[in-house]
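What follows is a single structure, written as structure tokens, with notes after it.
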Number of protein chains: 2
Amino acid sequence: MISSIAELISDRIGTMPAGERRAAQTLIANYPLIGLKTVAEFSAAAGVSSPTILRFVARLGFQNYPEFQSALQDELAAQLQSPASRTLNPSSPGGGAVSPMLEATLDNMRETFRHLSDKQLADIVAKLADRRGKTFLIGGRFTDPLARYMAAHLAIIQPNVFHLAGQESIWRDRLIDMGKRDVLIIFDIRRYQDSLVRFAETAHQRGVQIVLFTDQWLSPIARFARHVIAGRTAVPSAWDSSAALFVVAETLIGAVTRQLEADGAKRIRELESLR
Amino acid sequence: MISSIAELISDRIGTMPAGERRAAQTLIANYPLIGLKTVAEFSAAAGVSSPTILRFVARLGFQNYPEFQSALQDELAAQLQSPASRTLNPSSPGGGAVSPMLEATLDNMRETFRHLSDKQLADIVAKLADRRGKTFLIGGRFTDPLARYMAAHLAIIQPNVFHLAGQESIWRDRLIDMGKRDVLIIFDIRRYQDSLVRFAETAHQRGVQIVLFTDQWLSPIARFARHVIAGRTAVPSAWDSSAALFVVAETLIGAVTRQLEADGAKRIRELESLR
DNA sequence: CAAAATACGTAACATACGATACAGCGCTCC
DNA sequence: GGAGCGCTGTATCGTATGTTACGTATTTTG
């Protein structure tokens with residue numbers, strides 16, 4: 001049974017031509033407010049012409065645009081009445097299994113941050129922001145993208161940020177460049193990779209400060225790490241989730257950026273003038 | 001300080017003549033929906049004439065009725081976005097501002113999934129799982145790691161999964177391999193990259209089905225996309241957050257895996273025996 | 001109690017909005 | 001490769017909508 005217009009749209013979006021589908025997508029993306037504006041505004045936002053919008057609402061079964069808007073308003077009214085049931089898409093309890101995934105992920109994040117003290121984060125931020133040395137990042141089979149993501153941001157706001165990619169032999173050679181003043185950020189969750197452990201150990205022996213992102217069972221690298229961030233990874237899926245670690249990474253990126261801004265780093269000012 | 005129109009009304013309702021006060025009361029009683037309807041409807045509901053409604057909105061300080069309606073819509077938009085913290089001061093330096101970051105991220109995820117129907121996800125999963133064609137993944141400057149992350153997982157549970165890396169010229173050449181049966185997963189958030197848009201357009205012309213991960217303002221690629229996933233990206237940071245998209249990606253990975261298991265794919269059984 | 005001022009509604013007006021006809025284009029299917 | 005169909009945008013039209021002018025009613029004040 002179809003109760004909301006959003007449902008109606010996702011039900012029929014498959015049968016729509018390209019232009020109308022574009023209209024549908026923009027409406028869903030900014031639901032339902034775009035639909036309450038004029039046809040001209042709606043069409044501009046969707047990048048199509050006015051008639052396409054009208055054909056779109058006609059395909060949904062409405063006689064005209066005002067009737068469509070009234071329906072949206074009625075829906076809004078019902079939603080505003082009971083703020084509790086603000087669910088736009090009633091998750092099907094059977095095969096969907098979407099909502100449990102989301103719930104578990106949200107729980108993981110809350111739990112991860114609950115075990116993460118502000119002081120701990122502040123220490124890491126200070127270490128990353130106050131840089132006279134270099135920053136290296138590396139990750140495991142599934143977590144290396146997180147290392148890349150973090151590197152892509154850090155490399156912009158400060159110099160000497162390197163993501164270690166490729167084969168083991170390649171990054172082992174980079175060990176030569178690493179010393180006491182440098183920081184190595186490692187992502188390693190189950191199943192922990194021997195190559196990373198070996199690499200971390202050697203780096204540690206050279207005096208490199210290691211920041212480890214791992215799961216709650218702690219990679220063996222924790223033994224060598226100066227700072228350990230333990231994220232929750234359990235979700236109802238065949239795979240572990242790195243989402244919590246991802247959010248911690250984003251938090252750190254933001255905090256380091258803010259710190260550098262507060263320090264009035266020349267680089268930041270130069271960056272802004274470049275934009 | 002007066003932030004909402006409702007406040008503004010209750011602030012000035014004392015100074016209003018009888019008719020306008022009736023208008024104010026009916027608006028408060030059905031806030032804010034009556035105000036989004038036409039002047040005629042509003043006046044009928046309030047039991048006054050149209051000019052009275054117009055004088056009422058004029059007294060609130062609005063130039064005309066549409067301006068008043070826009071203000072109501074903006075207010076609604078802010079309210080619908082996230083019930084919680086949208087008004088945070090991004091000025092607290094150092095590591096202190098962790099919790100707002102987390103809260104915003106959690107809001108983003110809830111909001112992203114709220115705008116994502118099960119059907120939409122199911123369609124994408126079906127498309128990715130029922131594969132006679134190839135799957136290509138690519139991302140923008142900051143989102144390419146998400147493409148990598150997804151590719152790393154998908155490549156295990158099915159053949160013919162390719163992450164497009166390196167320079168533009170390199171992946172442009174791969175277009176030769178792409179056809180109607182193939183799927184291209186693109187990650188593109190602001191600021192949208194021209195190179196990706198061009199690439200998507202060409203792929204689209206070749207009949208490739210595009211699945212787009214973007215932000216709520218929709219990359220221009222949405223024009224060519226078969227499926228669009230619009231994630232919320234706003235956080236109290238100098239950077240946009242890709243965390244919501246990351247979680248959607250993980251959800252899809254999990255769902256595709258489950259689907260293939262349900263289909264009894266030979267590859268999955270072989271994989272399990274390999275472990 | 002009278003006169004003035006304010007408030008309100010009726011009716012005419014202009015504009016902006018939604019609706020429609022039509023032509024160009026690309027796509028699919030013979 | 002050609003014919004047909006379907007989709008989309010441009011331009012035009014009618015109308016519903018917001019707006020304003022004006023006259024009447026109501027309240028206020030001396």
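The stretch residues 34-76 of chain A participates, sequence neighbours left out, in these ring-ring contact (aromatic ring centres under 6.0 Å, His included) pairs: A:F62-A:F68, A:Y65-A:F68. The stretch residues 186-212 of chain B participates, sequence neighbours left out, in these ring-ring contact (aromatic ring centres under 6.0 Å, His included) pairs: B:W171-B:F199, B:F187-B:F213, B:H204-B:F224. For residues 137-155 of chain B, every residue pair satisfying the salt bridge (charged side-chain N to carboxylate O under 4.0 Å, His left out) rule, not counting sequence neighbours, is listed here: B:D144-B:R148.
Less than 4.0 Å separates DNA chain D from at least one heavy atom of each of the following residues of residues 42-62 of chain B: B:P51, B:L54.
Bending across the helix from C:dC1-D:dG30 to C:dC30-D:dG1, expressed as the angle between its end axes from five pairs apiece, amounts to 30° (10° rounding).
Note that CD of B:Q259 and CG of B:L252 are 12.0 Å apart. Values are rounded to the nearest 0.5 Å.
With sequence neighbours left out, the side-chain hydrogen bond (donor to acceptor under 3.5 Å, both in side chains) criterion links A:T38 to A:E41. Residues forming a side chain to side chain contact (heavy atoms under 4.5 Å, CB included) with A:A152 (at least two apart in sequence, or on another chain): B:F142. Partners of A:R59 by side-chain hydrogen bond (donor to acceptor under 3.5 Å, both in side chains), not counting sequence neighbours, listed by chain and number: A:E20. With sequence neighbours excluded, the residues forming a side-chain hydrogen bond (donor to acceptor under 3.5 Å, both in side chains) with B:T202 are B:R172, listed by chain and number. Considering only residues two or more places apart in sequence or on other chains, B:S49 meets the side-chain hydrogen bond (donor to acceptor under 3.5 Å, both in side chains) condition with B:T52.
Salt bridge B:D177/B:K134: absent, no basic N to carboxylate O contact under 4.0 Å. Salt bridge B:R114/B:E111: present, at least one basic N to carboxylate O contact under 4.0 Å.
Think of the region where chain A sits on DNA chain C: with heavy atoms and a 4.0 Å cut, that region ends 5' and 3' at C:dC17 to C:dT20. Read 5' to 3', the first and last nucleotides of DNA chain D with an atom closer than 4.0 Å to a heavy atom of chain A are D:dC7 to D:dT10.
The residue among A:A40 and B:K180 whose nearest nucleotide of DNA chain C lies closer to the 5′ end is A:A40.
Counting only N and O atoms by type, the side chains of A:E250 and B:S241 include a donor and acceptor under 3.5 Å apart.
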